[in-house]
Amino acid sequence: MGLKSIIEESAPFAIRLLWVCFIAGPTFWLVVSALKVLGFDNTVIAYWVQAVGSIGAIVGVFVVANWQMRKQQLLREEQERNRLLAMYAVVRSAAKHALSLDQFAKERPEDNVFRAFWSDGLSGTFHAALQALKAIPVHELGRAELVIQCLSMIGAMS
C-alpha cells in the first residue's frame with residue numbers, strides 16, 4: 001500500500017482542505033509580496049486578490065460538489081449491493097428449507113412423525129421462507145434465467 005492510498009483512505013475532507021491551505025496560503029503570500037516589490041500599489045493588488053479569490057471559490061465549489069456526488073454514488077452502489085445480497089439470502093434460505101424438507105421426506109418417516117415435525121416447526125419456517133420468497137420483486141433480479149428459477153422455486157414450494 002502506497003503513501004497516496006494511505007492518505008486517501010485515512011484523510012477526511014477537512015484534512016485535505018487543511019493541506020491545500022498550507023500550500024495555497026504561503027504561495028499567495030509570496031505572490032502578493034512579489035507584486036509589492038515590483039511596485040504595484042495596494043488597489044491593484046486588492047483587485048488581483050479579489051480575482052484570484054473568486055476563481056478559487058469557483059474551483060472550490062466545483063471540487064466540493066464533485067466530491068459529494070462521488071460519495072452519493074458510492075452510497076447508492078452500496079445500498080444496491082446490500083439489497084441484492086438480501087434478496088440472495090432470501091432465495092438461499094428458501095432453497096435450504098425446501099431441500100431440508102425434501103431430505104426429510106426422502107427418509108419416508110411415518111405419517112404421525114411427519115405430522116408432528118411439520119406442526120412443531122417445519123410448517124412455520126417453510127411458510128415464512130415461502131412468503132419471503134414471494135415478496136422478492138422478481139423483475140429486479142436482473143437476468144431472465146434468475147426470474148425463471150425464482151418463479152419455479154415459488155411454484156414448487158407452493
Can you name the residues that form a side chain to side chain contact (heavy atoms under 4.5 Å, CB included) with [X], not counting sequence neighbours?
| X | result |
| --- | --- |
| Lys134 | Leu130, Gln131, Ile154, Ser158 |
| Gln73 | Arg76, Glu77 |
| Arg143 | Glu145, Leu146 |

How would you list, by chain and number, every residue that makes a side chain to side chain donor-acceptor pair (under 3.5 Å) with Arg70, sequence neighbours excluded?
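Arg70 satisfies side chain to side chain donor-acceptor pair (under 3.5 Å) with no residue once adjacent residues are dropped.
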
Qualifying residues under side chain to side chain donor-acceptor pair (under 3.5 Å), relative to Glu110, sequence neighbours excluded:
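With sequence neighbours excluded, Glu110 shows a side chain to side chain donor-acceptor pair (under 3.5 Å) to no residue whatsoever.
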
Smallest separation among heavy atoms of Met87 and Pro137, with atom names
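Nearest heavy atoms, Met87 then Pro137: SD-CD, 4.2 Å.
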
Do you know the tightest heavy-atom contact between Ala94 and Leu133?
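Heavy atoms only, the tightest pair is CB-CD2, 3.9 Å.
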
Test Val147 against His139 for side chain to side chain contact (heavy atoms under 4.5 Å, CB included), laying out the working first.
CA-CA 7 Å; Val147 171; His139 63 280; 5.9 Å; no

Quick one: do Tyr88 and Val138 end up in the same hydrophobic cluster if we chain Ile, Leu, Val, Met, Phe, Trp and Tyr together by side-chain heavy atoms under 4.5 Å apart?
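They do not share one cluster, since no chain of ILVMFWY contacts under 4.5 Å joins Tyr88 to Val138.
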
Under 3.5 Å donor-acceptor pairs involving side-chain atoms of residues 41-66, not counting sequence neighbours:
{"residue": "Asp41", "atom": "OD1", "partner": "Thr43", "partner atom": "OG1", "Å": "3.3"}
{"residue": "Asp41", "atom": "OD1", "partner": "Val44", "partner atom": "N", "Å": "3.3"}
{"residue": "Asp41", "atom": "OD2", "partner": "Thr43", "partner atom": "OG1", "Å": "3.2"}
{"residue": "Ser54", "atom": "OG", "partner": "Gln50", "partner atom": "O", "Å": "2.9"}

Which donor-acceptor pairs under 3.5 Å do side chains of residues 22-37 form with protein atoms, sequence neighbours excluded?
{"residue": "Thr27", "atom": "OG1", "partner": "Ile23", "partner atom": "O", "Å": "2.7"}
{"residue": "Ser33", "atom": "OG", "partner": "Trp29", "partner atom": "O", "Å": "2.9"}

Can you give me every donor-acceptor pair (side chain of residues 79-86, partner residue at least two apart or in another chain, under 3.5 Å) with its distance?
{"residue": "Glu80", "atom": "OE1", "partner": "Arg83", "partner atom": "NE", "Å": "3.2"}
{"residue": "Glu80", "atom": "OE1", "partner": "Arg83", "partner atom": "NH2", "Å": "3.2"}
{"residue": "Glu80", "atom": "OE2", "partner": "Arg83", "partner atom": "NH2", "Å": "2.6"}
{"residue": "Asn82", "atom": "ND2", "partner": "Glu78", "partner atom": "O", "Å": "3.4"}
{"residue": "Arg83", "atom": "NH1", "partner": "Glu140", "partner atom": "OE1", "Å": "2.6"}

